[in-house]
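Here the structure comes first, spelled out in structure tokens, and everything after it is commentary.
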Amino acid sequence: MLGMKKGMSNKEVADLLEMVAAAFEIKDEDFFRVRAYKNAAASIEHLSSQLKDVWDADKLEEIPGVGPSLAQHLDELIRTGRVKHFEQEVKGLPLGMFELMKLEGVGAKTAYKLASEFDLKDEKTAIDRLRRQILAGKIKELQGFGEKTEDELLKAIGSVQSGSDRLLLPEAEAIAEEVVEYLRSSGLCEKIEVLGSLRRRAATVGDIDLAVMTDKPTELMEYLLKFKGIKKVLSTGSKTTMFIHSSGRQVDVKTQSKDRWGSMLQHYTGSKLHNIHLRKLALEKKMSLSEHGIKKGGKLFKYAGENEFYEALGLKYIPPELREDSGEIEASIKGGLPDLVELKDIKGDLHMHTNIEIETSHDMGMSSVSELLNMAESLGYEYIGLSDHNPKMKGLSESARVKVVKKRNEAIDKEIASSESSVKIFKGMEVDIRPDGRLAVSDEVLGLLDYAVVSIHASFRQSKEEATERVLRAFDHPRVKIFGHPTGRMLNKREGLDYDWERVFEECRRKRIAVEINSSPERLDLPDMLVRQAVKTGVLLVINTDAHEASSMKGMRYGVGVARRGWAEASNIINTWPYKRVEKWIES
DNA sequence: GCCGTTTTCGGCCCGACTGTTTTCAGTCG
């Protein structure tokens, strides 16, 4: 458990530090030492690169929250697979306690008391054995425990075992919308906002955070408790109610008055690390921050708007997508915040699938060209790019593939001729990158196209080296203009491929190949951290929906969110360009 | 443990809610 497996992930290292922090906590070590470990754990968990790579570059101490002492421990962990000091600290503790800490409402101290009392040494059986003790009524006999705690523990055990993945954005939005609509029907809300990770447009969302502007918080919370969608109330008061929604998801609702609304939005949007950094900054100026406002010399100053809140700290407004404590506060002070791309900047979409039958290698689209055109028109686009999958390799001769692509071109031309739309069409194709880097179509087929989106749909187990060579080879053909959903990840389902990103981005920059930000909510690929690296490298980016039916083209906003989280400006994104400029780039 | 536009020492983010407590500790976000 304490050893570092080969390829230990950042999350696993963070868990290890959390474990040591818990050990300190029950030994009543200096509280600040405990927090130092927890801070370092959070910092490593949210690192944009692998810890091993940071170690390779000898930059452990540049990680926020990691100083000389922790750097030394981490060095030992990476070199030898273990940390003697950590092992010593955890020695003698019942290991079952670390399992119990996964239960809602159970922290280090409670877990330790329970695990020692009932001798829960085995992590695998700890929770099950605890359950039997509860059922036997043994918990309430302990000092500091009562019947309610027994009930809560039992419920917590029930829910930890039905643990599930994080929510994709549309799922989270649907739950939020249901609760918002109910709250609105109370007539007690002046304003409701979705906050937390959903407002920051993180790729996946853990729970739903809502803030309500009201001058009748008590009545509103009473009304909320009657909501049919509540499975279980976790806690409730006039300021905060937390409950489990019927979907199994936690929803937090907070109330605030109009004059304190700005500080509320700020506080509840997070991220936690962003807020901690802000509060440290405030302390240096002898100010103290909370969701109620800013305290200076014992006096509370209130902020109705988020803008004023940041201004009061001497900062320029920081858009929610940037609030991850990854340099945005420093940039705000120095005036170096990016002018982020917005949905209204988007003038086209270069990755979508039609229902034209060409015996594709993967799913074909559901919508006709004219349906896609209509949608593009309603979105105010100047152009779209049709990029059906390439004709399949198996069971189709080369001449048959050429023929079917020619037929598709004719079908598209016919649509264009009969269309009254002003939206321009590019004839593209999404072409598989095969395991060895060859493309799944011949040069002759590529010659029939305006451009190719090259992407990976199989062989995801390649090493970083193999995968890098694979995609670099695929970039060789001049018709290749877009690198589609680069990592191939599927959120909650499949890790994507890892490349030598420096080489991949450099090659894309040199060949003016646009790296795609795929807006499909189950992909959101390129991931935001890598978008940021791409922006720094000067790589062209394109935000596409990969729509398989016309309505999915409305999902562009998900990709724009990713771009914004990656600090991208409109100038980094080619589909903010007007038609003529894109045409020139495609022909180049 | 970490960290530095008042510091290499002496600080370290803030508030809400719950349960078992007669004044607060534990947990959470």
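From a predicted model like this one, the values you see are computed outputs, not experimental measurements.
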- prompt: Mind checking the P distance from B:dG10 to B:dG15? Whole angstroms is fine.
  reply: 26 Å
field: Atom P, compared across B:dT6 and B:dC12: separation rounded to whole Å
entry: 16 Å
message: Syn or anti for B:dT7? Use the chi torsion, O4'-C1'-N9-C4 for purines and O4'-C1'-N1-C2 for pyrimidines, with syn inside 90° of 0.
response: syn
- prompt: Roughly, in whole Å, what's the span from CG in A:Leu114 to C1' in B:dG26?
  reply: 13 Å
task: Confirm from the modelled atom types if A:Lys286 and B:dT6 form a donor-acceptor pair under 3.5 Å, side chain to base only.
output: yes
message: Rounding to an integer number of angstrom, what distance separates B:dT20 and B:dC14 when you compare their C1' atoms?
response: 24 Å
field: Nucleotide of B:dC2, B:dT21, B:dC28 approaching A:Gln143 most closely (side-chain heavy atoms)
entry: B:dT21
message: Regarding A:Phe32, tell me which of base, sugar-phosphate or nothing describes its non-hydrogen contacts under 4.0 Å with the strands shown.
response: base
query: Should A:Thr110 be listed as having a side-chain N or O under 4.0 Å from OP1 or OP2 of B:dG26?
result: no
message: Applying the Watson-Crick and G-U wobble criteria at under 3.5 Å, what pairs with B:dT27? Answer none if nothing qualifies.
response: B:dA16
message: Is the shortest side-chain heavy-atom distance between A:Lys239 and A:His292 below 4.5 Å?
response: yes
- request: Could you check whether A:Ala21 gets within reach of a base, just the sugar-phosphate, or nothing at all, counting any heavy atom under 4.0 Å?
  value: nothing
- request: Would you indicate whether the side-chain heavy atoms of A:Lys191 and A:Val212 approach each other to under 4.5 Å?
  value: no
task: Give one of base, sugar-phosphate or nothing for A:Asp30, where a contact means two heavy atoms less than 4.0 Å apart.
output: base
query: Taking atom P of B:dG29 as reference, at what distance in whole Å does atom CD1 of A:Ile244 sit?
result: 10 Å
field: side-chain hydrogen bond (donor to acceptor under 3.5 Å, both in side chains) partner of A:Thr241, chosen from A:Thr255, A:Thr236, A:Asp252
entry: A:Thr236
- request: Check whether any side-chain nitrogen or oxygen of A:Ser235 sits under 4.0 Å from OP1 or OP2 of B:dC28, and answer yes or no.
  value: no
From B:dT18, B:dG1, B:dA16, nucleotide with atom closest to A:Thr236 side chain: B:dT18
query: Within 45° of the axis and under 6.0 Å from the centre of the six-membered ring of A:Phe301, does NZ or CZ of A:Lys299 qualify?
result: yes
Below 4.0 Å: OP1/OP2 of B:dC14 and any side-chain N or O of A:His292: no
- prompt: Base, sugar-phosphate, or nothing: which does A:Val106 touch, judged by heavy atoms less than 4.0 Å apart?
  reply: sugar-phosphate
message: Counting the atoms with a prime plus P, OP1 and OP2 as sugar-phosphate, which does A:Glu284 contact under 4.0 Å by heavy atoms, base, sugar-phosphate, or nothing?
response: base
- prompt: NZ of A:Lys295 versus C1' of B:dG15: gap in Å, rounded?
  reply: 9 Å
message: Nearest to the A:Lys148 side chain among B:dG1, B:dG29, B:dG19, which nucleotide is it?
response: B:dG19
- request: Taking only the side-chain nitrogens and oxygens of A:Lys272, find out if one of them lies under 4.0 Å from OP1 or OP2 of B:dG29.
  value: no
task: Return the nearest nucleotide to the side chain of A:Asp252; candidates are B:dA16, B:dG29, B:dC2.
output: B:dG29
field: Check: A:Tyr317 ring centre within less than 6.0 Å of A:Phe309 ring centre
entry: no
task: Take atom OH of A:Tyr37 and atom P of B:dC3, then tell me their distance rounded to the nearest Å.
output: 13 Å
- prompt: Heavy atoms under 4.0 Å, any strand shown: does A:Ser263 hit a base, just sugar-phosphate, or nothing?
  reply: nothing
- line: Whole-Å distance, A:Leu283 CG to B:dC14 C1', equals 10 Å
message: Return whichever of A:Tyr268 or A:Phe145 has its heavy-atom-nearest nucleotide of DNA chain B closer to the 5' end.
response: A:Phe145
query: Base, sugar-phosphate alone, or nothing: which one does A:Glu150 contact when heavy atoms must sit under 4.0 Å apart?
result: nothing
- request: Indicate, with a heavy-atom threshold strictly under 4.0 Å, whether A:His277 touches base, sugar-phosphate, or nothing.
  value: nothing
field: Geometric cation-pi criterion A:Lys254 and A:Tyr268, 6.0 Å radius, 45° cone
entry: yes
message: Measuring from the side chain of A:Lys109 (C-beta onward, heavy atoms only), which nucleotide among B:dT27, B:dC28, B:dA16 has the closest atom?
response: B:dT27
statement: The residue, A:Glu25 or A:Pro68, whose nearest nucleotide of DNA chain B is more 5′ is A:Pro68
- request: Measure the distance from NZ on A:Lys155 to C1' on B:dG19 and round it to the nearest whole Å.
  value: 14 Å
- prompt: With rounding to whole Å, what would you report as the distance between B:dT21 and B:dA16 at their P atoms?
  reply: 25 Å
- request: Give A:His85 one of three labels, base, sugar-phosphate or nothing, depending on what nucleic acid heavy atoms sit under 4.0 Å from its own.
  value: sugar-phosphate
query: Are any of the side-chain nitrogens in A:Asp528 or A:Arg532 under 4.0 Å away from the carboxylate oxygens of its partner?
result: no
- prompt: How long is the line joining CZ of A:Arg200 and P of B:dG29, in whole Å?
  reply: 13 Å
task: Compare the minimum distances between each of B:dC28, B:dT20, B:dA16 and the side chain of A:Thr149, then state the nucleotide with the smallest one.
output: B:dT20
message: Among A:Leu224, A:Leu220, A:Thr218, which residue satisfies the side chain to side chain contact (heavy atoms under 4.5 Å, CB included) criterion with A:Glu222?
response: A:Thr218
- prompt: In whole angstroms, how far is the C1' atom of B:dC12 from the CG atom of A:Asn39?
  reply: 9 Å
